[in-house]
Asker: 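One structure is given below, represented as structure tokens, and several questions about it will come after.
No hydrogens, no waters, no symmetry mates; every other heavy atom, side chains included, goes into these values. In the text below, chain A, chain B and the rest are named by the order of the sequence lines, each starting its count at 1.
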There are 2 protein chains.
Amino acid sequence: MTQNPKGTLFAQFALVAKALGQPNRLELVESLAQGERGVEALSKATGMSIANTSQHLKQLRQAGLVTSRKDGTSVIYRLSGEEVILLFNALQRTAERHLAEVQQVVGVYYNARDHLEPISREELMARLNEGSVSVLDVRPKDEYAAGHVPGAINITSGELEKRLEDLPEGREVIAYCRGTWCVLSFNAVALLRAKGITARRLEDGYPEWKASGLPVEGTNTPAS
Amino acid sequence: MTQNPKGTLFAQFALVAKALGQPNRLELVESLAQGERGVEALSKATGMSIANTSQHLKQLRQAGLVTSRKDGTSVIYRLSGEEVILLFNALQRTAERHLAEVQQVVGVYYNARDHLEPISREELMARLNEGSVSVLDVRPKDEYAAGHVPGAINITSGELEKRLEDLPEGREVIAYCRGTWCVLSFNAVALLRAKGITARRLEDGYPEWKASGLPVEGTNTPAS
DNA sequence: TTGCTATTTAATTAAATAATATAATTATTT
DNA sequence: AAATAATTATATTATTTAATTAAATAGCAA
């Protein structure tokens, strides 16, 4: 080992890549990108058994991608750092650029993408400071609670139609959700526009916002 | 498949990660990050048989990481885009941050790292425009030929001691090689300093320079 | 055509690893 | 001690893996 440093390094890099080489584990990573979570919650989110979830988490931990802490009888997992989100993103970007099948899914399910002209993180930050926008978080409540864009209102996709009055009037609405591939914010924007409300999507999602070092609010944030 | 777009996407992302989940394939990627190459050259670079190399290249191609073109009877491979370099880099960075074994190798073999204060790409670019530095490329000749930092002189690690007079005098020397983990540039800087020549390393290596969109020279570059 | 070279497939082997399910175990709290 | 949450152990079944050897294909040159 120690006589072939390059070989050792590449073996370790491969270990990390391998840990991401399974869809269920990628789903765990995506889930954790929203904020820390217990094993049971992760098991529900991915549809795997608890024992199975635990095994996969073990592999992610061995690859250095997640860490955990104890909270009473529960074990709470989190991504071991923001670089993991960047890595996950680089993976998505590469796949999107070069795999025909990904492009096809994008075309069929996300083709409103370009038309909805997403707003960049920097621009949203600037307009938040001006107070000229309302931000809408369409993710599940627990993910919102763990962390969200400052001042964002949480209305899940299903409730949106009934709770339109909860949105401040007269301001443009910026919607976001879990990441680049999350359809919920597309749906939200489409619905709002159908109701005559000016709305746009934020580029990517909450994990990328946080990974960019922009301010966040919630239980799972540096401040609290 | 088409009824579960998210599942399809994650399966594809996993496919890409899996392709990077094997040390030999990572070595192929690192090799190709220097510039395009034929199968035989790649086989030699990695120490694998030609047939085996071909198989691994097939997997990389299926994952959308490499493409190829024919040149006479030869097949020349190249990375399918700069994002692949960024992905490879994100992988390294994550592993470095979170895996103890990587940190140990780094500590033992690369511990001169911090002391040699690397120069950033931006700073080197600025100083190149001023003409206040000489750039030294310590990679093998063929990689240099495929592409290099504009104006760089190619002296391989082994030749350096005998060819010191080929370096212009009176300017600081900036050395670089294949990437973040390449020891050759460390050695070169150490040797130059021992000879009383002011020298520093460039951060990362040639692939990252190129991926950053900075200008390059050589046979395998946009211009030629 | 014939041969030469470079690369890709195909077929095979043997080893390793895969994911999941079930059951038992550990640790913590009440 | 009982209850809860997570991990570990064990087993099963299937798949996958990398690598070798040999055969096949494609382009080029004599």
Asker: Between B/Glu83 and A/Arg97, is the closest basic N to carboxylate O distance under 4.0 Å?
Answerer: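 The answer is yes: the pair qualifies as a salt bridge.
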Asker: Minimum heavy-atom separation for B/Ala11 to A/Pro23, with atom names?
Answerer: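 Between these two residues, the closest heavy atoms are CA-CG, 3.9 Å.
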Asker: Has the side chain of B/Asn89 got a donor or acceptor atom that lies under 3.5 Å from a matching backbone atom of B/Glu208?
Answerer: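 The answer is no, because no donor-acceptor pair under 3.5 Å joins these two groups.
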Asker: How long is the span from the CG atom in B/Leu65 to the NE2 atom in A/His98, to the nearest 0.5 Å?
Answerer: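 If we round to the nearest 0.5 Å, B/Leu65:CG and A/His98:NE2 are 8.0 Å apart.
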Asker: Using a 6.0 Å cut-off, check whether atom CD of A/Glu159 has over 12 heavy atoms from anything other than its own residue.
Answerer: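 Yes, enclosed.
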Asker: Does atom NZ (A/Lys44) have a neighbourhood of more than 12 heavy atoms from anything else shown, all under 6.0 Å?
Answerer: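 Counting neighbours around NZ of A/Lys44, 12 or fewer heavy atoms of other residues, nucleotides or ligands fall under 6.0 Å, so no.
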Asker: Please determine, by modelled atom types, if A/Thr46 and A/Asn24 share a side-chain donor-acceptor pair under 3.5 angstrom.
Answerer: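 No, no side-chain donor-acceptor pair sits under 3.5 Å.
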Asker: Does a sphere of radius 6.0 Å around CD in A/Glu161 hold more than 12 heavy atoms from other residues, nucleotides or ligands, not counting ones at 6.0 Å or beyond?
Answerer: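 Not more than 12 within 6.0 Å, no.
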Asker: Check each residue of residues 61-69 of chain B for a non-hydrogen atom within less than 4.0 Å of any atom in DNA chain D, then write out the ones that pass by number, or none.
Answerer: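 None - not one residue of the stretch has a heavy atom sitting under 4.0 Å from the strand.
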Asker: With sequence neighbours excluded, tell me which residues meet side chain to side chain contact (heavy atoms under 4.5 Å, CB included) with A/Ile50.
Answerer: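 Side chain to side chain contact (heavy atoms under 4.5 Å, CB included) check on A/Ile50 returns A/Val39, A/Glu40, A/Ser43.
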Asker: Could you check which residues of residues 13-40 of chain B get a heavy atom under 4.0 Å from DNA chain D? Sort them by number, please.
Answerer: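 Residues of residues 13-40 of chain B that come under 4.0 Å of DNA chain D are, in numerical order, B/Lys18, B/Gln22, B/Asn24, B/Arg25.
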Asker: Which of residues 41-53 of chain B have a heavy atom under 4.0 Å from DNA chain C?
Answerer: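 Output list: B/Ile50, B/Ala51.
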Asker: Do the rings of A/Phe13 and A/Phe10 sit parallel, tilted or perpendicular, given the 30° and 60° boundaries?
Answerer: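 A/Phe13 vs A/Phe10 ring planes: tilted.
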Asker: Quick one: do the B/Thr67 and B/Arg61 side chains pair a donor with an acceptor below 3.5 Å?
Answerer: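 Their side chains do not contain a donor-acceptor pair, so the 3.5 Å distance test is not met.
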Asker: If only atom types and distance count, is the side chain of A/Trp209 paired as donor or acceptor with the main-chain N or O of A/Asp204 below 3.5 Å?
Answerer: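 It does not hold such a pair.
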Asker: What are the bounds, 5' to 3', of the part of DNA chain C that sits under 4.0 Å from heavy atoms of chain A?
Answerer: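 The footprint of chain A covers C/dA19 to C/dT29.
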Asker: Does the protein touch nucleotides 25-30 of chain D at the base, only the backbone, or not at all? Give it as B, S and - per nucleotide, heavy atoms under 4.0 Å.
Answerer: -SBS--
Asker: Could you go through the side chain to side chain contact (heavy atoms under 4.5 Å, CB included) check for A/Tyr176 and A/Val138 one step at a time?
Answerer: CA-CA 6 Å; A/Tyr176 70 88; A/Val138 296; over 6 Å; no
